Amino acid sequence: MKNTHTDFLVLGSGMAGLVFALRVASLGKVTILTKKRSVDSNTNYAQGGIAAVLGPDDDYEHHIRDTIQCGEGLCDEDAVRVIVERGPELIRELAEMGVRFSHTKGTFDLGREGGHSRRRIVHAKDTTGREVERALLYAIRRHPDIELLEYHLAVDLIRTGQGEVWGVEAIDLSTGRHRTYLARYTLLATGGAGKVYTYTTNPDIASGDGVAMAYRAGARLANLEFVQFHPTCLYHPRIKSFLISEAVRGEGAILRTLDGNAFMTGYHKMKDLAPRDSVARAIDNEMKTRGDRHVHLDLSAIKPARIRSRFPNIYRTCSRLGIDITKEPIPVVPAAHYMCGGVITDGEGRTNLPRLYACGEVAHTGVHGANRLASNSLLEALVYAVAAAESVARRFEKGRFPRRTTRRQSRKLRQSEKLEIRHNWDLIRTLMWDYVGIVRSTDRLKRARRELNIIQKGIDGALTRYALSADLVELRNIALVGSLIIRSALRRKESRGLQYLQDFPRKSRRFQRNTVVYSRKLD
Ligand code: FAD
Ligand code: SIN
């Protein structure tokens, strides 16, 4: 079978992958593989916006301080400084290339979110991500040197004996064919892993494929225990994974128990705009102690006209479900939202494997520490994608590709095989939700580890019996990512940021460091 050769292989078509692709396209041929439609990404669902110092009362030091305070002692200050200082200029560039951010009186309309001491969230109403994707994809499709291949699932990185990465093995999902993509540089921009949990704000693509591929190839990963749960996902039987942006609380909405108590006053001095870990834990506690299935988000302090103009998507979606948010509260629950850990990268987006870069949610740059500050994620993806492109530009040279042909074949799965895979997905996600969620304990983590081990053995067996289909690839990946989250959580015997361990309820100086994991077993 013929291999495909390219200069730059980009895995993923969210903010990180697209920004990188546009920047390196002047150097050589770029191929983007994305496993569903090009818009299918976490980026496309981003609501609140992008944090940046653009307001008259703001400065870099405030943004840096808010980020570091939220990160609970684990942020890398240099990495934080990079995103904060480069952010404003790059956001202006996005606006110049056609991203239609919301404006007021001729300047960016800046929103507020949890943990921020200033208004600094640039947004496009409540569909910021959709607008960013639209503009970036428009530019990508018009670029003669960028090829974007939808429905192409990256399966595993191609690693030489010296540990260099030269592309991926992938499946063309429209034909079922396995293909080899050889590349001089490979960028992992595969996003997060919310689908490891039963309840998540993430779309279906977020199965942690990049983390799993990187781990199998020998990359070093950090801080996977810090899974961020967003406090306010819509609770409704007819819709899954719909986020109610933190920006709604930024405009004055408050959380209440079902009998009307504004409970955040008892939990944090920033009340409803406290960092996410505190708010999600407070909701979890209220729901558990009261036996309620959700809490309420009360928007009565925001004028109806403002609700409709600032949050049109949230307003419309809730209206369709029969909830008029200008008149009644929104039922909300916390849900898995963001992976603070990931593949360790340096200030240029480089991993420990030569020729492999990573940026966006899949990467660990050190920016987020133990808890990400709201709307710093798109900012990090943007700034580090540019940094990675600049790094590649400094190093790029044409050389010979290694020889490689595809070995694997695939076939369509039988119905019984599909059912077995689906059943294992559900088992893993329930296990992670029940035992590795917002509040953890060593015993429950160990139980999750035991049960996940059994499931993983079953998956290993399936891998020898069945052809490698997309479902099986993702199942193998969520199982691996789940097991790495548990392994990392068990190592951190303290409570800090997003890791709350009931038997170690305090922060410990011994654990003021990153939790690093990597594979010693390489093929
Ligand atoms: P993504 O945008 O997730 O893109 C990943 C890409 O990789 C996708 O195209 C996917 O299909 C592809 N992919 C994955 N695996 C494979 C594979 N094996 N082969 C090929 N392709 C693959 N952050 C903010 O800063 N501000 C916000 O307002 C905000 N709101 C959010 C709202 C929601 C509902 C969600 C879910 C997240 C939000 N976040 C927000 C987080 C932020 O959107 C993400 O962290 C960010 O978009 C990640 O960008 P990315 O490019 O790294 O990954
Ligand atoms: C939101 O709009 O609440 C999401 C912001 C984020 O995840 O940073």
Side-chain angles (χ1 to χ4, degrees), residues 9-20 32-52 83 111 113-116 121-124 126-130 132-133 136-137 148-157 168-171 173 181 187-195 200-213 228 230-233 241-250 276 311 314 335-340 342 358-363 368 372-382 384-385 470 473-474 477:
L9 184 67
V10 177
L11 307 179
S13 57
M15 166 80 117
L18 299 181
V19 169
F20 176 87
I32 305 174
L33 304 187
T34 193
K35 69 178 172 179
K36 290 203 169 181
R37 292 172 310 155
S38 44
V39 289
D40 290 323
S41 59
N42 278 6
T43 300
N44 200 49
Y45 290 84
Q47 293 187 357
I50 314 180
I83 63 158
E113 289 180 5
H116 288 275
I121 318 297
V122 184
H123 56 89
D126 58 349
T127 46
T128 310
R130 199 189 294 168
V132 168
E133 278 283 309
L136 291 174
L137 283 169
L148 195 161
L149 300 173
E150 296 185 319
Y151 295 100
H152 277 66
L153 173 78
V155 176
D156 263 315
L157 295 166
V168 288
E169 305 279 359
I171 307 177
L173 299 175
Y181 289 86
L187 176 79
L188 273 180
T190 44
K195 296 304 281 188
T200 176
T201 61
N202 291 190
D204 287 346
I205 52 96
S207 49
D209 299 355
V211 163
M213 283 189 280
Q228 184 168 71
H230 196 292
T232 56
C233 184
S241 304
F242 184 70
L243 183 77
I244 307 295
S245 174
E246 199 156 292
V248 179
R249 273 175 286 135
R276 274 186 201 161
F311 304 112
I314 296 175
H337 182 62
Y338 183 82
M339 187 175 65
C340 288
C359 54
E361 193 166 338
V362 70
H368 307 307
R372 172 176 70 93
L373 183 67
S375 288
N376 264 356
S377 160
L378 288 174
L379 177 66
E380 183 202 38
L382 171 66
Y384 275 92
V473 167
E474 289 185 341
N477 290 341

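Counting starts at 1 for both ligands and their atoms, following the listed order. All values derive from a computational prediction rather than experimental measurement.
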Measuring from atom 36 (C) of ligand 1, which candidate in I50, N202, L18, L173 has the nearest non-hydrogen atom? N202
Part of T232 within contact of ligand 2 (heavy atoms, under 4.0 Å): neither
Are T232 and V248 packed together at the side-chain level, in the sense that at least one heavy-atom pair is separated by less than 4.5 angstrom? no
Polar contact flag for G48 and ligand 2 (N/O pairs, less than 3.5 Å): yes
Of the choices M339, H152, E361, E474, which has the non-hydrogen atom that lies closest to atom 45 (O) of ligand 1? E361
Nearest-option assignment for atom 14 (C) of ligand 1, heavy atoms, candidates L33, T190, D156: T190
Hey, are the side chains of Y181 and H152 touching, using non-hydrogen atoms and a 4.5 Å cut-off? yes
Quick check on contacts: which atoms of ligand 1 are under 4.0 angstrom from a heavy atom of M15? 51 (O)
When only distance counts, is D40 in polar contact with ligand 1, meaning an N/O pair under 3.5 Å? yes
The closest protein heavy-atom partner of atom 4 (C) of ligand 2 is R276 NH2, 3.5 Å
Does S375 have a heavy atom less than 4.0 Å from any atom of ligand 2? yes
Where on A189 is there a heavy atom closer than 4.0 Å to ligand 1, on the side chain, on the backbone, on both, or on neither? backbone
D209, portion touching ligand 1 at heavy-atom distance under 4.0 Å: side chain
Has ligand 1 got any nitrogen or oxygen that is less than 3.5 angstrom from a nitrogen or oxygen of K35? yes
Determine whether any heavy atom of T128 lies closer than 4.0 Å to an atom of ligand 2. no
